[in-house]
Amino acid sequence: VIKPGSKEELNKLDIAADAIKNGEVVAFPTETVYGLGANGLNPDAVKNIFKAKGRPSDNPLILHIQDISEIERLTVEINSTARKLMENFWPGPMTLVFKKSSVVPSVISGGLDTVAIRLPENKIARELIKLAKTPIAAPSANTSGKPSPTKANHVYDDLNGKIDMIIDGGSCNIGLESTVIDVTTLSPVILRPG
């Protein structure tokens, strides 16, 4: 468990990033809830998320990025509506659904031709993604069907022994999952209010 604000925090984020690079699963804070993260471009690593959560593999995951420039290689098209939403609400608790590029493994999208992408506001989350040098697939860090965790000890109580590491970033500010918006058409559609 990594505590925020310590002198060792950045060094430990390097350790967590290495774990992500090596296909391991790391719980980390976002501004919404704690996420259960793995290398989003490594199908075997992503399968470890489904296993830890007990989540059906046809349920798509969200890819978390640390900079808006990363979206280009993950998507086929970014329309003007999507650009306006990104400019006004990223970083933050908004997930956008795009047509995915061939770089995105089908395990991420549950076999669909789309991918959900979010640019979180949380500094620990963004630093972890930056250090891991890959988009991080991350649903909420809980067993499927249980409440989404807002503190590291919630994750520990639920998933201890099922995941490799937990980054303790304190309490999440929002406590509710991100809003998900489909931007594959000219008129955006809210798939999940957050």
Side-chain angles (χ1 to χ4, degrees), residues 13 16-28 30 32-79 82 85-86 90-91 93-120 122 125-145 148 155 159 162-167 177-185 189 191-192 194:
L13 282 176
D18 285 342
I20 295 284
K21 290 176 189 176
N22 291 325
E24 296 175 11
V25 178
V26 175
F28 64 96
T30 74
T32 56
V33 297
Y34 272 75
L36 192 58
N39 181 339
L41 302 182
N42 177 337
D44 292 331
V46 172
K47 288 175 186 174
N48 290 332
I49 292 174
F50 289 103
K51 182 179 176 184
K53 281 183 67 75
R55 180 181 175 124
S57 61
D58 62 350
N59 193 343
L61 302 178
I62 296 172
L63 280 182
H64 292 67
I65 59 175
Q66 67 92 24
D67 188 86
I68 205 164
S69 63
E70 296 173 56
I71 203 164
E72 298 287 338
R73 73 181 183 122
L74 302 172
T75 62
V76 173
E77 176 189 16
I78 304 169
N79 62 34
L85 288 168
M86 290 186 297
W90 272 3
M94 178 187 70
T95 298
L96 298 178
V97 177
F98 299 89
K99 293 287 185 187
K100 73 181 185 82
S101 75
S102 60
V103 170
V104 179
S106 63
V107 67
I108 288 289
S109 60
L112 302 173
D113 65 350
T114 55
V115 61
I117 301 175
R118 180 160 103 83
L119 176 62
N122 182 281
R126 291 190 53 198
E127 187 65 20
L128 177 64
I129 299 163
K130 180 181 178 181
L131 292 170
K133 298 180 180 170
T134 186
I136 294 180
S140 56
N142 58 299
T143 301
S144 285
S148 297
V155 180
L159 297 175
K162 296 181 181 179
I163 62 175
D164 300 291
M165 183 179 283
I166 301 169
I167 300 170
E177 288 86 354
S178 64
T179 298
V180 178
I181 304 172
D182 184 341
V183 291
T184 59
T185 60
V189 178
L191 302 177
R192 179 181 76 187

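Counting begins at 1 with the first residue of the sequence.
- Here the CG-CG distance, from Asn48 to Asp164, works out to 7.5 Å after rounding to the nearest 0.5 Å.
- Of all the heavy atoms in Phe98 and Thr184, the pair that sits closest is C-CG2, 3.7 Å.
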> Step by step, would you call Met86 with Ile71 a side-chain contact (heavy atoms from CB on, under 4.5 Å)?
Replying inline: CA-CA 11 Å; Met86 290 186 297; Ile71 203 164; 3.7 Å; yes
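- A 4.5 Å side-chain heavy-atom check between Leu159 and Tyr34 finds every atom pair outside the cut-off.
- Residue Leu36 comes nearest to Ala52 through the heavy atom pair CD2-CB, 4.1 Å, listed as atom of the first residue, atom of the second, then distance.
- Shown here for Ala27 and Ile163, the closest heavy-atom pair between the two residues is CB-CD1, 3.8 Å.
- Looking at residues two or more places apart in sequence or on another chain, you find no side chain to side chain contact (heavy atoms under 4.5 Å, CB included) involving Lys51.
- Under the side chain to side chain contact (heavy atoms under 4.5 Å, CB included) test applied with Val183, the options Ile78, Thr75, Leu85, Val189 reduce to a single match, Leu85.
- The CE atom of Met165 sits 7.5 Å away from the CD atom of Glu24 when rounded to the nearest 0.5 Å.
- Considering every non-hydrogen atom in both Ile20 and Gly37, the closest pair reads CD1-O, 3.5 Å.
- Note that CD1 of Ile181 is 11.0 Å distant from CZ of Arg192, once rounded to the nearest 0.5 Å.
- Side-chain contact check for Ile167 versus Glu127: every heavy-atom pair is 4.5 Å or farther apart.
- When all heavy atoms of Leu119 and Gln66 are compared, the pair lying nearest together is CD1-C, 3.3 Å.
- With hydrogens and angles disregarded, no donor-acceptor distance shorter than 3.5 Å links the side chain of Lys21 to the backbone of Thr134.
- For Lys47, the NZ atom counts as loosely surrounded, since its 6.0 Å shell holds 12 or fewer non-hydrogen atoms of other residues, nucleotides or ligands.
- Applying the side-chain hydrogen bond (donor to acceptor under 3.5 Å, both in side chains) definition to pairs two or more places apart or across chains, those involving residues 105-120 are Thr30-Arg118, Glu31-Arg118, Thr32-Arg118, Lys99-Asp113.
- In this structure, the side chains of Pro139 and Ile62 stay at 4.5 Å or more apart for every pair of heavy atoms.
- Contact detail for Pro60 and Arg55: the closest heavy-atom pair is O-NH2, 2.7 Å.
- Remark: of the listed residues Asn39, Ile65, Val104, Ile65 is the sole one forming a side chain to side chain contact (heavy atoms under 4.5 Å, CB included) with Pro135.
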>> Checking Leu13 against Phe28 for the side-chain contact (heavy atoms from CB on, under 4.5 Å) test, could you report, in this order, the C-alpha distance in whole Å, the side-chain angles of both residues, the deciding distance, and whether it holds?
In response: CA-CA 10 Å; Leu13 282 176; Phe28 64 96; over 6 Å; no
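- Here the CG-CG distance, from Leu128 to Asn122, works out to 10.0 Å after rounding to the nearest 0.5 Å.
- Note that the CG atom of Leu191 and the CG atom of Asp182 stand 5.0 Å from one another [nearest 0.5 Å].
- Considering CG of Leu74 and CD1 of Ile117, their distance stands at 4.5 Å, rounded to 0.5 Å.
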